Amino acid sequence: MSRPPARFADRTADVGDAAQVARMALRHVASGVTVLTVNRDGVPHGTTASAVVAVSRDPLILGVCLHPSSSFGSMVRRTGKFSVNVLSSGQTAVARHFADPGRPSGHAQFDRLEWSTDTMSGAPLLTGSLAHLSCRTVARHRVGDHDLLIAEVTGGTHHTGSPMLSFAGRLHEADITPSPLPLSPTATRSEVS
């Protein structure tokens, strides 16, 4: 039976409580960093999120986890549509800006940024992002201490570059190098998102 590397075993021993150890382990699941944007009655709003996941390919569905009291969630409940800006590795300042609870509201959030308007959702599309997705809300569920927003992707664009990642509670500017081998030689399309 193999043992984990000492650096992981030491961190586990320091924590003590199983739930806290599991939380720390979950923080080691790397995820892309996005800025979710919405426009309600001409007032734009954005928020940083790293809990965005592809749920289905046909139809194209994604899931977004939000704090139940988020302003973004409240606005999307009313509009039913929003945009996802997948941040590129050079957009750390953008991620931090939209994560700051003290940032200005409305148009002032976007004053120092270049952006255009998503023709499908009406929400801001941030210049320099790796990809943009236009979304239409199809469901919302309370899961634990978060709301899970389920949305159909109705349009999108993508650019070349590397993503901003969230890993172990910090932002990372990734330089991605594709593996020369496929994920699995026998994987079917339904097994790989």
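Bear in mind the structure is a predicted one, so any value in this text is a computation, not a measurement.
- Rounded to the nearest 0.5 Å, atoms CZ (Arg103) and CD (Gln109) are 4.5 Å apart.
- Grouping the Ile, Leu, Val, Met, Phe, Trp and Tyr side chains by contacts below 4.5 angstrom, directly or via other members, places Val86 apart from Val35.
- In this structure, Asp17 CG and Arg23 CZ are separated by 6.5 Å, a value rounded to the nearest 0.5 Å.
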Show your reasoning for whether side-chain contact (heavy atoms from CB on, under 4.5 Å) applies to Val52 and Leu36. CA-CA 10 Å; Val52 176; Leu36 308 175; 4.2 Å; yes

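- Remark: Arg96 engages no residue in a side-chain hydrogen bond (donor to acceptor under 3.5 Å, both in side chains) (not counting sequence neighbours).
- A donor-acceptor distance shorter than 3.5 angstrom exists from the side chain of Thr34 to the backbone of Ala49, with no hydrogens or angles considered.
- In this structure, Leu165 CG and Glu173 CD are separated by 10.0 Å, a value rounded to the nearest 0.5 Å.
- Looking at every heavy atom in both residues, Cys135 comes nearest to Val84 through SG-CG2, 4.0 Å.
- Between Arg40 atom CZ and Thr79 atom OG1 the span is 8.5 Å, to the nearest 0.5 Å.
- With a 4.5 Å cut-off between side-chain heavy atoms of Ile, Leu, Val, Met, Phe, Trp and Tyr, the cluster of Phe167 takes in none.
- Rounded to the nearest 0.5 Å, atoms OG1 (Thr127) and CG (Leu113) are 8.5 Å apart.
- Among residues two or more places apart in sequence or in another chain, the side-chain hydrogen bond (donor to acceptor under 3.5 Å, both in side chains) test is passed with His67 by Ser69.
- Taken together through direct or relayed side-chain contacts under 4.5 Å among Ile, Leu, Val, Met, Phe, Trp and Tyr, Leu66 and Val76 form part of one hydrophobic cluster.
- Here the shortest heavy-atom pairing between Phe110 and Pro44 reads CE1-CB, 3.6 Å.
- Pairing each heavy atom of Leu87 with each of Ala95, the nearest pair is CD1-CB, 3.6 Å.
- Other residues, nucleotides and ligands contribute over 12 non-hydrogen atoms within 6.0 Å of the CZ atom of Arg142.
- Closest approach of Asp147 to Arg77, counting heavy atoms only: OD2-NH1, 4.1 Å.
- A pairwise comparison of heavy atoms in Leu62 and Val64 identifies CD1-CG2, 3.5 Å as the closest pair.
- Taking all atoms of both residues into account, the shortest heavy-atom contact from His28 to Ala168 is NE2-CB, 4.0 Å.
- One distance of note links OG of Ser31 with CG of Leu26; it measures 9.5 Å at 0.5 Å rounding.
- Hydrophobic clustering, with ILVMFWY side chains joined whenever heavy atoms are under 4.5 angstrom apart, keeps Val29 apart from Leu171.
- The cluster map of Ile, Leu, Val, Met, Phe, Trp and Tyr, joined by side-chain heavy atoms under 4.5 Å apart, puts Val33 and Trp115 in the same cluster.
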Report the C-alpha distance between Thr37 and Asn39 in whole Å, list the side-chain angles of each, state the deciding distance to 0.1 Å, and finish with yes or no for side-chain contact (heavy atoms from CB on, under 4.5 Å). CA-CA 7 Å; Thr37 55; Asn39 186 328; over 6 Å; no

Check the pair Leu126 / Phe98 against side-chain contact (heavy atoms from CB on, under 4.5 Å), numbers first and verdict last. CA-CA 12 Å; Leu126 304 176; Phe98 285 102; 4.1 Å; yes

Which donor-acceptor pairs under 3.5 Å do the side chains of residues 149-158 make with protein atoms, sequence neighbours left out?
from, atom 1, to, atom 2, distance (Å)
Glu152, OE1, Arg136, NH2, 2.3
Thr154, OG1, Ser134, O, 3.3
Thr157, OG1, His132, ND1, 3.3

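- In this structure, Ser88 contributes its side chain and Gly128 its backbone to a donor-acceptor pair below 3.5 Å.
- Under the side-chain hydrogen bond (donor to acceptor under 3.5 Å, both in side chains) criterion, Arg170 pairs with no residue, sequence neighbours left out.
- A search for side-chain hydrogen bond (donor to acceptor under 3.5 Å, both in side chains) contacts involving Ser121 returns Ser83, Asp118, not counting sequence neighbours.
- By the 30° and 60° cut-offs, the orientation of the rings of Phe82 relative to Phe72 is perpendicular.
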